[in-house]
Amino acid sequence: MASQQQQPLSQQQDFDPVHRFKMLIPQLKESLQNVMKIASLNLAHNTSIDNGIKSSDASVQRFDKSLEEFYALCDQLELCLRLAYECLSQSIDSAKHSPNLVPTATKPDTVQTESMSYAQYLGMIKSQISCAKDIHNALLECSKKIAGKGQPQGIM
């Protein structure tokens, strides 16, 4: 039963960008260490070839593969940070545009002093819908004006 409860938690953490970021940091450190190790081995190998100590018969690890792995992890970390920033921005915008909670029917006893009534909530939603319609109409009007300018006028 405990494993069934842990599975949704781990799935939830997989989608959390901050948690994913924290999980990728050790991999990034390991990848960076691998890049540095391969670079130093390749440098030592090339130095010994240049000095005539060794021939180029010995195989060396591919530096470009390890560097590509490192860059791939960096890209994943960047995506995690961008996603976390977007989530934060969305949360801030949500709090700014709808700061007060509406008490639910299942928990009417949790009414707080800053919560709004359902009628107030409906009024706020109607004003948001009206604003969205105004923006939509303004965009349509602009697109019609732009489309009208693109059409050739009558030939004289």
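All values reported here derive from a predicted model rather than from experimental measurement.
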Rounded distance [0.5 Å steps], CG in D50 versus NE2 in H45: 10.0 Å
Pairwise distance CD1(I92) to CD(Q90) - rounded to 0.5 angstrom: 11.0 Å
Exceeds 12 heavy-atom contacts within 6.0 angstrom, atom CZ of F63: yes
Passing candidate, side-chain contact (heavy atoms from CB on, under 4.5 Å) with F21, options L83, D16, L79, L77: L77
Side-chain donor/acceptor of N42 to backbone N/O of Q61, under 3.5 Å: yes
I25-M36 co-clustered via ILVMFWY side chain contacts under 4.5 Å: yes
Exercise: identify the closest heavy-atom pair between V35 and S66: CG2-O, 3.3 Å
Inter-residue atom distance D93.CG - E86.CD, 0.5 Å rounding: 9.5 Å
Rounded distance [0.5 Å steps], CG in N34 versus CD in E69: 6.5 Å
E30, CD: over 12 other non-hydrogen atoms inside 6.0 angstrom: no
Minimum heavy-atom distance between P17 and C80, given as atom pair plus value: CB-O, 3.4 Å
Main-chain N/O of Q27 paired to S31 side chain as donor or acceptor, under 3.5 Å: no
Point-to-point distance, once rounded to the nearest 0.5 Å, from NZ of K126 to OG of S130: 11.5 Å
Salt bridge present between E141 and K145 (N-O < 4.0 angstrom): yes
NZ-CG distance between K37 and L41, expressed to the nearest 0.5 angstrom: 6.5 Å
Q120 atom CD, neighbour heavy-atom count above 12 within 6.0 Å: yes
I38-L43 co-clustered via ILVMFWY side chain contacts under 4.5 Å: no
Cluster overlap M124 with I135, hydrophobic side-chain contacts below 4.5 Å: no
Any side-chain heavy-atom pair of L32 and K29 under 4.5 Å: no
L28 reachable from L81 in the ILVMFWY side-chain graph, under 4.5 Å edges: yes
Backbone N/O of Y85 and side chain of S89: donor-acceptor pair under 3.5 Å: yes
Closest non-hydrogen atom pair, L24 against Q76: CD2-OE1, 3.5 Å
